[in-house]
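The structure's right below; bear with me while I get my questions together.
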Amino acid sequence: MTATADYKTLAERASKELAEATATEALRWTVETFGDDFIVASNMQDAVLIDLATQVKPDVDVLFLQTGYHFPETIGTRDAVQAVYPGVRIVNAEAEQSVAEQDAEYGPKLHERDPNQCCHLRKVVPLRKTLAKYSAWVTGVRRVDAPTRANTPIVTWDDRNGLVKINPIAPWSDDEFNGYISEHGILENPLVSIGYLSIGCAPCTAKVAPGQDPRSGRWAGQGKTECGLHG
Ligand code: SF4
């Protein structure tokens with residue numbers, strides 16, 4: 001059997017065995033199973049997942065998709081994460097082309113004309129290339145984020161990227177999530193406090209009115225709800 005087939009079988013088994021696992025149990029299993037061979041993804045909206053992961057592995061690798069379109073506050077949060085969790089190694093995954101090079105080839109503001117292609121070039125491809133160096137990745141996807149995420153398992157096989165995917169906080173409600181932030185004083189992107197409840201690239205992120213779906217601020221009016229990273 002190939003390593004891929006081995007890991008696929010492992011993920012299928014762990015999916016059942018860890019179906020009710022706490023976030024810490026899922027992360028401990030990840031470290032015991034993969035050692036250094038996994039990475040934690042963060043969009044730098046907050047450091048909840050990073051805080052949980054560093055409790056079981058202080059020198060964990062953290063993946064940040066540096067699209068070139070982030071808010072300065074998001075870059076600041078990334079740098080603050082490095083200061084607060086000095087052991088972590090932040091891996092900035094970048095697109096092959098700079099924004100200027102992309103503008104020269106495809107025309108400016110591709111995100112307005114074809115956000116799927118822009119996300120493919122600046123997120124999906126760099127993610128895939130980075131994940132190819134690991135056997136597993138950990139994400140902060142939660143079931144309450146969106147209807148498309150309602151059945152997110154704690155452990156699964158990520159067929160698209162060819163590695164094991166762990167979603168330790170998948171079952172967490174908003175109350176649990178916000179409670180963890182306030183109880184532990186977790187670092188948060190300052191944009192959250194002024195109404196940006198789901199933060200992505202600046203051109204594709206809007207404020208969300210009170211009571212509205214947090215992800216309604218992403219690609220507002222463009223009929224797009226996901227980057228293609230977790231679908
Ligand atoms: S979120 Fe917007 S700017 Fe960022 S990669 Fe996707 S389309 Fe481009």
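We use all heavy atoms of the structure for the numbers below, so side chains are in, but hydrogens, waters and symmetry mates are not. As the structure lists them, so they are numbered: ligands from 1, and atoms in each ligand from 1.
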* Asked: What do you reckon, is CZ of Arg28 surrounded by more than 12 foreign heavy atoms closer than 6.0 Å?
  ->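 For Arg28, atom CZ is not crowded (no more than 12 foreign heavy atoms under 6.0 Å).
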* Would you indicate which of Pro203, Gly68, Cys119, Cys201 comes nearest to atom 4 (Fe) of ligand 1 when only heavy atoms are counted? =>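 Result: the heavy atom closest to atom 4 (Fe) of ligand 1 is in Cys201.
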* **Minimum non-hydrogen distance to atom 2 (Fe) of ligand 1, winning option of Cys204, Pro126, Gly200** =>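 Among Cys204, Pro126, Gly200, the closest heavy atom to atom 2 (Fe) of ligand 1 comes from Cys204.
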* Which of the numbered atoms in ligand 1 are below 4.0 angstrom from a heavy atom of Pro115? ->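 So the atoms of ligand 1 that pass are 7 (S).
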* To do: Kindly state each residue pair satisfying ring-ring contact (aromatic ring centres under 6.0 Å, His included) with at least one member in residues 127-162, sequence neighbours excluded.
  =>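 As it turns out, the ring-ring contact (aromatic ring centres under 6.0 Å, His included) pairs with a partner in residues 127-162, which skip direct neighbours, are Trp137-His230.
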* Please determine if atom 6 (Fe) of ligand 1 has an N/O/S atom from Cys118 lying under 2.8 Å away. =>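 No, since none of the N, O or S atoms of Cys118 sits under 2.8 Å from atom 6 (Fe) of ligand 1.
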Return all side-chain donor-acceptor pairs below 3.5 angstrom for residues 11-26, not counting sequence neighbours, or 'none' if the list is empty.
{"residue": "Ser15", "atom": "OG", "partner": "Val155", "partner atom": "O", "Å": "3.1"}
{"residue": "Thr22", "atom": "OG1", "partner": "Glu25", "partner atom": "N", "Å": "3.1"}
{"residue": "Glu25", "atom": "OE1", "partner": "Thr22", "partner atom": "N", "Å": "2.9"}

* To do: Give a yes or no on whether Glu96 atom CD has more than 12 heavy-atom contacts from other residues, nucleotides or ligands under 6.0 Å away.
  =>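 Atom CD in Glu96 is not packed in, count stays at 12 or less.
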